[in-house]
Q: 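Take this structure, written in structure tokens, and hold onto it; I'll ask about it next.
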Amino acid sequence: MNLSIQPLIDLAHTDLELQTFIHSKSQLEKEIDTASSVVNHHKKNIEEKNSELKALVNESEEIKKNIQIQEQLITHLNEQVPKIRNEKEFAASKSQLEEARKNLGVLEENLLEIDINKEDLDKEMEKINVKLNESNTEFKQETSGLLKEQKKAEKQIAILAPRRTSLLQKIPKNIQRFYERCQNSGITTPICAIVDKSCSGCHMVLLPQLINELMSNPNSHKNCPHCKRILYFPVSEEETVS
Ligand SMILES: [Zn+2]
């Protein structure tokens, strides 16, 4: 059957295929983004923990220095003991020693606390590192497939987009303008077939009269009363109905 409506049908088919690939390409992009967001989350977490660890190391170095100062003071005070000449000097030395020992005790406790925190942080970082490695492996596995699919979709789009342009040039000017207006306003399939007695664009059920008119004259087309898309009656549908 050589229908003059054939260019419209070809355009509708090409557009449907093209839109499918465009949609799948954008879905793949989203999936790749999501996959990398998990890896990035763990990387950021590791960075934060690293700077926490650095702060603890600095604090610990500072405390170690102060411990050394107190220890040196205690040694010095002990060395002075034999030289004490009276009760007054003895009492002063005793109170200085007590003070230094007390300070040393507090510093050692602080150091211990920091060491415990450091150990906890190390364990946490180990866990995060495991997660990071897992998510990295997962990301590579996942995206290798996704990237292949994305390439395929891009290839199909590169074939279909120019085909669509050349098919568009074969249809009457008034339909071309309608078509472009539709696509500019977001209707990606301005021409569509009647499927299951409904418009395959908006899925609204069509009046039998409209279907009969198009069925009896398969070379004609009409606008969908609901979404204004151009409707045609597909030949295969006619065969299954009759
Ligand atoms: Zn419709």
Side-chain angles (χ1 to χ4, degrees), residues 1-38 139 142-242:
M1 202 189 294
N2 189 12
L3 299 173
S4 65
I5 199 178
Q6 198 57 47
L8 274 185
I9 296 172
D10 291 342
L11 180 60
H13 285 165
T14 306
D15 237 349
L16 199 61
E17 237 187 307
L18 179 62
Q19 290 309 323
T20 308
F21 283 114
I22 288 174
H23 177 73
S24 94
K25 191 187 160 220
S26 87
Q27 283 302 109
L28 288 165
E29 270 164 15
K30 273 184 214 156
E31 277 178 58
I32 291 167
D33 266 3
T34 311
S36 70
S37 78
V38 177
F139 174 74
E142 243 181 79
T143 50
S144 79
L146 293 177
L147 288 169
K148 265 184 216 161
E149 277 181 61
Q150 203 182 27
K151 277 240 168 69
K152 251 189 248 173
E154 275 167 7
K155 226 173 164 180
Q156 289 298 322
I157 291 167
I159 295 168
L160 291 168
R163 187 185 295 170
R164 173 194 163 274
T165 310
S166 82
L167 285 170
L168 187 62
Q169 279 154 7
K170 287 179 192 158
I171 63 171
K173 281 268 178 276
N174 61 331
I175 298 179
Q176 267 183 44
R177 279 195 295 273
F178 165 80
Y179 195 93
E180 277 160 358
R181 264 205 312 280
C182 279
Q183 291 208 318
N184 286 340
S185 64
I187 297 172
T188 51
T189 52
I191 300 169
C192 53
I194 294 173
V195 176
D196 283 339
K197 298 186 175 80
S198 311
C199 161
S200 65
C202 67
H203 304 293
M204 295 291 280
V205 175
L206 301 162
L207 288 172
Q209 197 199 340
L210 188 145
I211 300 173
N212 285 335
E213 273 176 49
L214 288 177
M215 214 198 313
S216 56
N217 186 7
N219 215 359
S220 66
H221 59 79
K222 278 191 176 295
N223 290 88
C224 167
H226 309 288
C227 68
K228 304 287 176 244
R229 281 181 175 88
I230 291 175
L231 290 171
Y232 66 90
F233 200 87
V235 178
S236 57
E237 181 96 349
E238 187 180 22
E239 282 163 359
T240 53
V241 169
S242 59

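Bear in mind that the values here come from a model prediction, so they are computed numbers and not experimental data. One-based numbering, in listed order, for ligands and for the atoms of each.
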Q: Enumerate the protein N/O/S atoms at a distance below 2.8 Å from the Zn ion (ligand 1), ignoring waters.
A: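 Per the 2.8 Å query on the Zn ion (ligand 1), atoms found are Cys199 SG, Cys202 SG, Cys224 SG, Cys227 SG.
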Q: Determine the minimum heavy-atom distance between Arg229 and Phe178, stating which atoms define it.
A: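 Minimum heavy-atom contact is CA-CZ, 4.1 Å.
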Q: In the structure I gave you, are the side-chain heavy atoms of Pro218 and Ile5 within less than 4.5 Å of one another anywhere?
A: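 They are not in side-chain contact.
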Q: Mind running side-chain contact (heavy atoms from CB on, under 4.5 Å) on Lys152 and Lys148 for me, showing each step along the way?
A: CA-CA 6 Å; Lys152 251 189 248 173; Lys148 265 184 216 161; 5.7 Å; no
Q: Are Lys30 and Gln27 close enough that some pair of their side-chain heavy atoms sits under 4.5 Å apart?
A: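 Result yes, sub-4.5 Å side-chain heavy-atom pair found.
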Q: Under 3.5 Å, is there a donor-acceptor pair between the side chain of Gln176 and the main chain of Leu168?
A: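 Yes, because the side chain of Gln176 sits within donor-acceptor range (under 3.5 Å) of the backbone of Leu168.
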Q: Does the side chain of Cys192 reach to within under 4.5 Å of the side chain of Leu231, using non-hydrogen atoms?
A: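 Yes, their side chains come closer than 4.5 Å.
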